[in-house]
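The structure displayed is predicted, hence computed values, not measured ones.
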Amino acid sequence: MIMNNSSPKRRYYVDGSTIRSIDHYSTSPKRRPSAPEPGRRVKQAPVTHPSAARKAEASLAFTPAFTLLAISLVFAVVLCCSMIIYTESKIKQQRSHIAELQSQIQQAKTDNAILEENINKMYTLKDIENIALTELGMVYSEKGQISYYEPANEDYVNQFNDVPEADN
């Protein structure tokens with residue numbers, strides 16, 4: 001056991017390389033007395049001049065500049081808070097408007113799908129063929145009525161004259 005020589009009383013002991021721990025054999029620390037011991041001087045605040053005391057009180061008082069600054073800061077804080085509340089309410093309105101528009105878009109897509117399905121069911125290819133043959137007077141092409149034309153440029157054709165007769 002190694003003793004700590006910094007204090008006359010035995011308060012701590014060191015055992016090897018461990019951390020200090022409280023010596024259980026020492027007495028508990030002394031407490032400060034609540035009243036000063038007799039014959040002992042108590043420090044008192046230094047005595048100041050009466051004008052210095054008035055200056056200290058005046059420095060703690062509210063000045064017009066400080067009052068104006070405090071009022072302007074309170075006004076700025078209230079203004080910032082009201083702007084935040086206004087912005088949040090606008091954001092909430094915009095979100096509800098967006099949700100309403102999205103529901104309208106979804107309803108329009110549903111209506112379009114229903115109408116497209118009705119159109120697809122309305123006419124079959126057989127119905128279209130009957131309408132073309134009976135009402136519009138169309139006929140099937142016969143052999144020799146179809147002519148094929150080979151364009152010089154593969155990209156597109158500008159037709160300035162009639163298509164020349166092709167040899168069948």
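- Within a 6.0 Å sphere centred on CG of Leu125, other residues, nucleotides and ligands contribute 12 heavy atoms or fewer.
- Hydrophobic clustering, defined by side-chain heavy atoms of Ile, Leu, Val, Met, Phe, Trp and Tyr closer than 4.5 Å, groups Leu136 together with Met138.
- The ring pair (Phe, Tyr, Trp, His ring centres under 6.0 Å) contacts involving residues 65-90 comprise Phe62-Phe66, where partners must be two or more places apart or lie in separate chains.
- In this structure, Thr63 OG1 and Leu69 CG are separated by 9.0 Å, a value rounded to the nearest 0.5 Å.
- Atom CD of Gln93 sits in a crowded spot, with more than 12 heavy atoms from other residues, nucleotides or ligands closer than 6.0 Å.
- With sequence neighbours left out, the side chain to side chain contact (heavy atoms under 4.5 Å, CB included) criterion links Ser141 to Gln145, Ile146.
- With sequence neighbours excluded, no residue forms a side chain to side chain donor-acceptor pair (under 3.5 Å) with Asn112.
- Leu101 is linked by a side chain to side chain contact (heavy atoms under 4.5 Å, CB included) to His97, Gln104, counting only residues two or more places apart in sequence or in another chain.
- Scored by the side chain to side chain contact (heavy atoms under 4.5 Å, CB included) test, Ser96 finds no partners at all (sequence neighbours excluded).
- Each salt bridge (charged side-chain N to carboxylate O under 4.0 Å, His left out) pair with one or both residues in residues 117-126, not counting sequence neighbours, appears once here: Lys126-Glu129.
- Residues passing the side chain to side chain contact (heavy atoms under 4.5 Å, CB included) test with Ile114, sequence neighbours excluded: Thr110, Asn118.
- Linking Ile, Leu, Val, Met, Phe, Trp and Tyr residues whenever their side-chain heavy atoms come within less than 4.5 Å places Met122 and Ile128 in a single cluster.
- Within the structure, salt bridge (charged side-chain N to carboxylate O under 4.0 Å, His left out) contacts touching residues 84-112 (residues at least two apart or in different chains) do not occur.
- As a member of the Ile/Leu/Val/Met/Phe/Trp/Tyr network built from side-chain separations under 4.5 Å, Met83 groups with Leu79.
- Thr124 meets the side chain to side chain donor-acceptor pair (under 3.5 Å) test with Asp127; sequence neighbours excluded.
- Hydrophobic cluster membership of Leu133, counting Ile, Leu, Val, Met, Phe, Trp and Tyr whose side-chain heavy atoms lie under 4.5 Å apart directly or via other members: Tyr140.
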